[in-house]
There are 2 protein chains.
Amino acid sequence: MIIPLSSMAKAKHTISVSAEEKIREAARRVFMKKGYAATRTRDIAEEAGLNLALLNYYFRSKEKLFGIVMEERMKQFFGVITPLMYDTTTTLDRKIEMIVSNYVDMLLQNPDLPLFILNEIRHNSDLFNRFQAGRLIHGSHFVTQLKEKQPGIHPLHFVVSILGMTIFPFVAKPVLQSAGGINQQLFVAMMEERKTLVPKWAKAMIKMK
Amino acid sequence: MIIPLSSMAKAKHTISVSAEEKIREAARRVFMKKGYAATRTRDIAEEAGLNLALLNYYFRSKEKLFGIVMEERMKQFFGVITPLMYDTTTTLDRKIEMIVSNYVDMLLQNPDLPLFILNEIRHNSDLFNRFQAGRLIHGSHFVTQLKEKQPGIHPLHFVVSILGMTIFPFVAKPVLQSAGGINQQLFVAMMEERKTLVPKWAKAMIKMK
DNA sequence: AAATATTTTAATCATTTGATTAAAATATTT
DNA sequence: AAATATTTTAATCAAATGATTAAAATATTT
């Protein structure tokens with residue numbers, strides 16, 4: 001009995017998605033919605049419309065499958081900011097605009113992503129350490145640019161503020177909708193507005209005495 | 001057999017904490033650290049140094065015990081901002097200073113609180129709806145004050161930005177420490193700095209054309 | 001002190017859950 | 001087409017988990 005563990009060469013010519021892929025996609029949806037601990041492997045099998053044993057046949061264990069999903073999602077979450085952080089051909093102002101705009105666009109499509117990522121990392125910080133992004137912020141060109149404009153303030157203050165203003169609304173979305181009386185349509189409209197508001201504010205902050 | 005469910009009158013004169021209270025405190029620590037789904041009732045009993053059956057004797061079920069802990073923690077989390085939101089005797093600028101300062105102080109003592117609250121609410125939004133804070137933001141004096149200064153911008157934009165800049169660093173703490181090279185001591189120092197930075201930035205944002 | 005009520009414990013239940021197995025079904029190679 | 005390899009399934013296992021029970025221990029009242 002050969003165990004594929006998601007790496008066997010597929011000689012399949014089927015048009016439809018492979019069972020392995022169906023499981024990975026189902027796992028992504030269920031893990032993202034419920035988190036690792038609250039997810040049952042049976043939930044994933046059911047979501048994929050396949051037998052439970054296939055999950056272990058292709059991925060060995062719940063934990064290994066989760067690791068694969070988690071790595072994909074971390075790439076998506078940090079992929080928005082990483083290339084821009086190290087870009088040396090773009091002005092600081094333009095970078096800020098792009099970071100905010102790219103994040104809002106991506107998060108409108110994946111509103112559960114930040115809370116999922118940040119919560120799972122908190123419960124297992126190895127997940128993040130195993131990820132490449134060891135020196136994501138520290139030593140980036142973005143940080144250098146910030147330090148030039150405001151040598152007196154730690155550049156991370158600005159990074160945290162920009163990301164906070166951009167990402168936090170999605171983290172707090174359920175509360176905003178209940179306590180703030182914001183429906184889905186208004187939420188989307190406000191996030192679109194923030195694409196121009198947040199960069200404007202951020203630039204002003206960086207120029208401040 | 002009488003079932004107390006945390007409401008029996010205590011005729012006890014013992015100096016030490018009651019078993020019921022020990023369990024509630026242990027539950028708070030374990031639930032906050034691991035979240036509802038990952039918490040085993042046995043973890044709580046062990047943390048409290050008491051027999052597992054006592055948990056069900058005093059609180060009927062894991063879910064009921066969690067509900068009690070959750071309500072306490074939501075009061076703490078939203079209690080920082082609620083009174084200030086409705087205060088009509090304080091200037092907008094002063095309110096902003098106090099919101100940020102009070103939150104930073106509280107979160108330095110309870111760094112896991114935001115992620116715990118926001119994540120559990122996401123997985124069971126009834127938890128928040130059952131909570132009183134139905135109209136926490138909408139209709140508050142704080143919102144009125146914001147609307148006066150900037151009629152063109154939805155006041156929630158400012159609320160979200162101020163809370164984002166204040167709370168987000170705690171939500172992203174594990175990532176900041178790994179990717180930003182921030183140790184605990186520097187983190188605390190930076191949060192202290194933000195007590196003056198964030199209000200200064202927020203005021204500038206609100207005054208902007 | 002005896003009787004009664006309350007608190008705590010050890011043992012046990014019934015389900016749930018991640019994982020395995022052996023066989024059946026399907027595809028691929030010879 | 002036969003032989004072989006791969007994929008899928010139903011049945012099952014062992015461990016974990018929330019909860020209960022009956023009895024023991026302790027406190028309170030009479």
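Everything numeric in this text was worked out from a predicted model, so none of it was measured. Lettering of chains follows the sequences in order, A, B, ..., and the numbering in each one begins at 1.
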What is the distance, rounded to the nearest whole Å, between atom NZ of A:K64 and atom P of C:dG18? 15 Å

Using whole Å, what does the distance between atom P of nucleotide C:dT17 and atom CD of A:E63 come to? 18 Å

Atom OH of A:Y57 to atom P of D:dT6: distance rounded to whole Å? 8 Å

Side chain of A:K62 (C-beta onward), nearest among D:dA19, C:dG18, C:dT9: C:dG18

Distance-only donor-acceptor pairs under 3.5 Å for side chains of residues 153-163 of chain B, two or more places apart:
| residue | atom | partner | partner atom | Å |
| --- | --- | --- | --- | --- |
| B:H154 | ND1 | B:L156 | N | 3.1 |
| B:H157 | ND1 | A:R194 | NH1 | 3.1 |
| B:H157 | NE2 | A:E193 | OE1 | 2.6 |
| B:S161 | OG | A:R194 | NH2 | 2.7 |
| B:S161 | OG | B:H157 | O | 2.9 |

Please compare B:A37 and A:A53 by the position of their nearest nucleotide in DNA chain D and report the one closer to 5'. A:A53

Could you work out, with side chain to side chain contact (heavy atoms under 4.5 Å, CB included) as the rule, every residue matching A:A53, not counting sequence neighbours? A:N51

Length of the line joining B:E20:CD and C:dT8:C1', which is rounded to integer Å: 14 Å

Does A:N56 make a side-chain N or O approach to OP1 or OP2 of C:dG18 shorter than 4.0 Å? no

Quick one: ring pair (Phe, Tyr, Trp, His ring centres under 6.0 Å) partners of A:F66, sequence neighbours excluded? A:F31, A:Y36

Closest to the side chain of A:R40, out of C:dT7, C:dT17, D:dT8, is C:dT17

Nearest-Å distance, CZ (B:F66) to P (D:dG18)? 13 Å

Tell me the interatomic distance from B:D43, atom CG, to D:dA16, atom P, rounded to whole angstroms. 12 Å

Once side chain to side chain contact (heavy atoms under 4.5 Å, CB included) is applied, do any residues pair with B:R94, and if so which ones, sequence neighbours excluded? B:T90, B:T91, B:E97, B:M98

Could you tell me whether the side chains of B:S178 and A:N129 share a donor-acceptor contact shorter than 3.5 Å? yes

Across the strands shown, which category fits A:L52 at heavy-atom distances under 4.0 angstrom: base, sugar-phosphate, nothing? base

In whole angstrom, give the distance that lies between atom CG of B:L55 and atom C1' of D:dG18. 9 Å

Return the set of residues passing side chain to side chain contact (heavy atoms under 4.5 Å, CB included) with A:A189 (not counting sequence neighbours), or none when no residue passes. none

Criterion side chain to side chain contact (heavy atoms under 4.5 Å, CB included) on A:I206 and A:K203, from CA distance to verdict: CA-CA 5 Å; A:I206 294 165; A:K203 290 174 205 167; 5.9 Å; no

Which nucleotide in D:dG18, D:dA10, C:dT17 has an atom nearest any side-chain atom of A:N51: D:dA10

Using a cut-off of less than 4.0 Å, is there contact between a side-chain N or O of B:T41 and OP1 or OP2 of D:dG18? yes

Could you give all pairs that pass the ring pair (Phe, Tyr, Trp, His ring centres under 6.0 Å) test and reach residues 98-126 of chain A, with sequence neighbours left out? A:F77-A:Y103

Any chance you could encode DNA chain D as dot-bracket? Rule is Watson-Crick or G-U wobble with both distances under 3.5 Å; [ ] for pairs crossing earlier ones, | for another strand. ||||||||||||||||||||||||||||||

Each nucleotide N or O in nucleotides 13-15 of chain C that has a protein N or O under 3.5 Å away: list the pair and distance.
none

Does the distance from a Lys or Arg side-chain N to an Asp or Glu carboxylate O, for B:K33 and B:D112, drop under 4.0 Å? no

Which residue pairs satisfy the side chain to side chain donor-acceptor pair (under 3.5 Å) criterion with at least one member in residues 182-192 of chain B, sequence neighbours excluded? B:K173-B:Q184, B:E192-B:K195

In whole angstroms, the gap separating C1' of C:dT20 from CZ of A:R60 amounts to 10 Å

